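Computed from a prediction, not measured in an experiment: that's the story for all the values here. We use all heavy atoms of the structure for the numbers below, so side chains are in, but hydrogens, waters and symmetry mates are not.
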Amino acid sequence: MDSKRNDEVHVVAIDSGVTVDSGTNDKIAAKEEVEVVGFWAKLDKWIQLDSATEGRYSNHDLDPVPVQERTWHARHLALFWISDHLSVSGFRTAASVVAIGLSWKLALACIALANLVLGLVITANGICGTQYHIPFSIQSRASYGYYLSYVMILMRMIVGVFWYGVQTYTGAECVQSMLYAIWPSFHNVPNQLPLSANITTQFMISYFIYFITCLPFHYVGVHKVKWLFLLKSIATPIAAFAIMGWTIKSAGLGQTSLFKQGNTTSGPKLAWAFMASLNSNIGGGTTLMVNAPDYSRYARRRSDTYITALAIPLTATVITFIGVVAASGSKVLYGTVLWDPLLIINHWTSAGGRAAAFFCALSFYFSQLGLNIAANSLAAANDMNCLFPKYINIRRGQFISAILGTWALTPWNILTSAPAFLNFMSGYSIWLGPIAGILVSDYYFVHKRKYDVYQLYDFTGIYKYKYGFNWRAFAAFTIGWVPLFPGFIPTVSSSTAIPGMVHLYEVGFFYGFGAAVLSYFVICKFWPAKETYIEHAVTIDDEECDTAGDLENTASFGEKSKSL
């Protein structure tokens, strides 16, 4: 074997008691250095986040929000929630409620009540974010334990990715309406895709355009994205009121409108229809209940978040009323009820009408974009950030959520040929409701708003429970969802429904959330995890921390954590 060949031999072990000369040692050291900076090592080092290389399982986006990034005032949070409702989805809200027998007045009352409950719970859970400036994924460790919390985080992440894809489909409809308005000939684009694809060439073009144009907005930092909600909250109300005004002028509110239609059912059936609609509208917001701290953590102070309790029910009620007016007018004008504002503006085919249709569709485009960021991509990104903090921050998580939700999920197949799966995801609140209930119960009633934020990031700290698993939370979670499951099964299969179980499912949020709150509190009362109870809350804003010594307050959270 020649010397060149010999130099390429891999050294398996050098600690064998055999003496080697200095030249051989130099070769071994050189070889080890080559192996350290090999391709996969370089790739791993390249994709790692700089803020995650501090010997801790966290990164900058997962850490508590520093003072300089708390840029959200009360008005920004109000606009955030207003933008969530002023959308195409908001227009359609009353459709399913009226369809099962409620009058428009009762439907409006049902939606207002549902969003009042949503606003109160989201505000209550969001206060934890304003106190400790942490996301849901970190908050959940205090109640579930370090490792059980990952199960809850994963469940929440799946919902975010799924609804991102569904809302992308709606966003593509906005783009399609804009293209119709600019080029009427777009109606005639020939379809080159097979029927089994469940999507046409025309819609795929719109879908791709929407996806591409959304990506730059995912690059913007969360504490800076507030301007998007401001834009959306100005443009969308103008479009919504314009559609309502045009409808009233063109069709009036005659005898054939929905305004003259009363309840189409009565007695106990009407009562259960109301409760089912109430539960459904609350259930659609349980994802926001769970991850409310993901957004409230950017608030300057706690009082800024109180506006949420008013903004959510008010804007939801207003947009629902506008939707009812528009749908009522469409019945007069087109002979059928159109709950979708995009279908209404697609009828505006004159030159001036097409211009108005374009700007309305553009407003709804921004509305849909803001909704998808607020309710889905940021939430899923925060969850991914916690699961893979070494490699994924919020920005990367948003891009991953966009790709998975838009292309891997293929929402056009789900919406057109997978109703059972859609029903399954719509009924996901039977799990998210108890998750939210345990978070609220733990924060207010068990730990009485006193957490140690540094211990939440320490896997050997006080919140590890036993093996990172808080059995109390698991027991309360089980009590919250298991009784609802028999009523849920018939919605996704052909199984025979038991009336009592169906009625329990129709009030599923109230049972699941309430049972989780109460059972968790009672279990912790009799079997407390005393090691997690502290005398005073510890936040990153505390000027003094005994264990931190003389560390300056200007130090990063990572530096403070290492010192602790």
Task: Ser185 and Asn188: side chain donor to acceptor below 3.5 Å - done: no
TODO: Verify whether the ring centers belonging to Phe488 and Trp431 lie closer than 6.0 Å.
DONE: yes
Open item on the list: Testing Thr123, Thr308, Asn115 one by one against Trp81 for a side chain to side chain donor-acceptor pair (under 3.5 Å), which residue passes?
Closed with: Thr308
Open item on the list: Can a side-chain donor-acceptor contact be found between Ser137 and Asp383 if the only test is distance below 3.5 angstrom?
Closed with: no
Open item on the list: Side chains of Asp294 and Tyr298: any donor to acceptor distance under 3.5 Å?
Closed with: no
- [ ] Output the distance between atom OG1 (Thr320) and atom CG (Asn281), rounded to the nearest 0.5 Å.
- [x] 7.5 Å
Open item on the list: Quick check: closest heavy atoms across Cys110 and Leu102, and the distance to 0.1 Å?
Closed with: CB-CD2, 4.5 Å
TODO: State whether the number of non-hydrogen atoms from other residues, nucleotides or ligands found under 6.0 Å of Phe241 atom CZ is greater than 12.
DONE: no
Open item on the list: Ignoring hydrogens, what is the shortest heavy-atom contact between Ile243 and Pro341? Give both atom names and the distance.
Closed with: CD1-CB, 4.0 Å
TODO: Assign the ring pair Phe217 / Phe366 to parallel, tilted or perpendicular, where the plane angle (0 to 90°) is split at 30° and 60°.
DONE: perpendicular
TODO: Work out which heavy atom in Ala380 is nearest to a heavy atom in Val161; give both atom names and the distance.
DONE: CB-CG2, 4.1 Å
Task: Arg395 charged N/C atom sitting above Tyr219 aromatic ring, 6.0 Å / 45° - done: yes
- [ ] Quick one: do Glu69 and Arg300 satisfy salt bridge (charged side-chain N to carboxylate O under 4.0 Å, His left out)? Show the steps, please.
- [x] CA-CA 9 Å; Glu69 293 182 14; Arg300 292 184 312 154; over 6 Å; no
TODO: Please determine which of Leu439, Leu432, Ile435 meets the side-chain contact (heavy atoms from CB on, under 4.5 Å) test together with Met152.
DONE: Ile435
TODO: Check whether the side chains of Asn59 and Asn393 place a donor and an acceptor atom closer than 3.5 Å, and report yes or no.
DONE: no
Open item on the list: What I want to check is whether the side chains of Gln139 and Asn125 have a donor and an acceptor closer together than 3.5 Å.
Closed with: yes
Open item on the list: Which heavy atom of Ser330 sits nearest to which heavy atom of Ala327, and what is that distance?
Closed with: OG-O, 2.6 Å
Open item on the list: I want to know whether Phe203 and Tyr169 have ring centres closer than 6.0 Å.
Closed with: yes
Open item on the list: Distance alone, cut at 3.5 Å: any donor-acceptor contact between the side chains of Tyr365 and Thr213?
Closed with: yes
TODO: Evaluate whether atom CZ of Phe211 has more than 12 neighbouring non-hydrogen atoms of other residues, nucleotides or ligands under 6.0 angstrom away.
DONE: yes
Task: Tyr180 and Gln202: side chain donor to acceptor below 3.5 Å - done: yes
Open item on the list: Can you classify the ring geometry of Trp104 versus Phe321 as parallel (below 30°), tilted (30 to 60°) or perpendicular (above 60°)?
Closed with: tilted
TODO: Give the ring-plane orientation class for Phe364 versus Phe91, where under 30° counts as parallel, over 60° as perpendicular and anything between as tilted.
DONE: perpendicular
Task: Test item: side-chain donor near acceptor, Ser377 and Asn372, under 3.5 Å - done: no
Open item on the list: With rounding to the nearest 0.5 angstrom, report the CZ to CG distance, Arg156 to Asn382.
Closed with: 9.5 Å
Open item on the list: Quick check: closest heavy atoms across Ile319 and Ala240, and the distance to 0.1 Å?
Closed with: CD1-CB, 4.1 Å
Task: Any side-chain heavy-atom pair of His347 and Leu338 under 4.5 Å - done: yes
TODO: Working to the nearest 0.5 Å, report the span between CG of Leu371 and CG of Leu86.
DONE: 10.5 Å
Open item on the list: Just verifying a value: how many Å separate Glu506 CD and Asn279 CG, rounded to the nearest 0.5 Å?
Closed with: 8.0 Å
TODO: Could you tell me how the ring of Phe509 sits relative to the ring of Phe513: parallel (under 30°), tilted (30 to 60°) or perpendicular (over 60°)?
DONE: parallel
- [ ] Using the six-membered ring wherever Trp is involved, compare the ring planes of Tyr207 and Trp412 and label them parallel, tilted or perpendicular (cut-offs 30° and 60°).
- [x] perpendicular
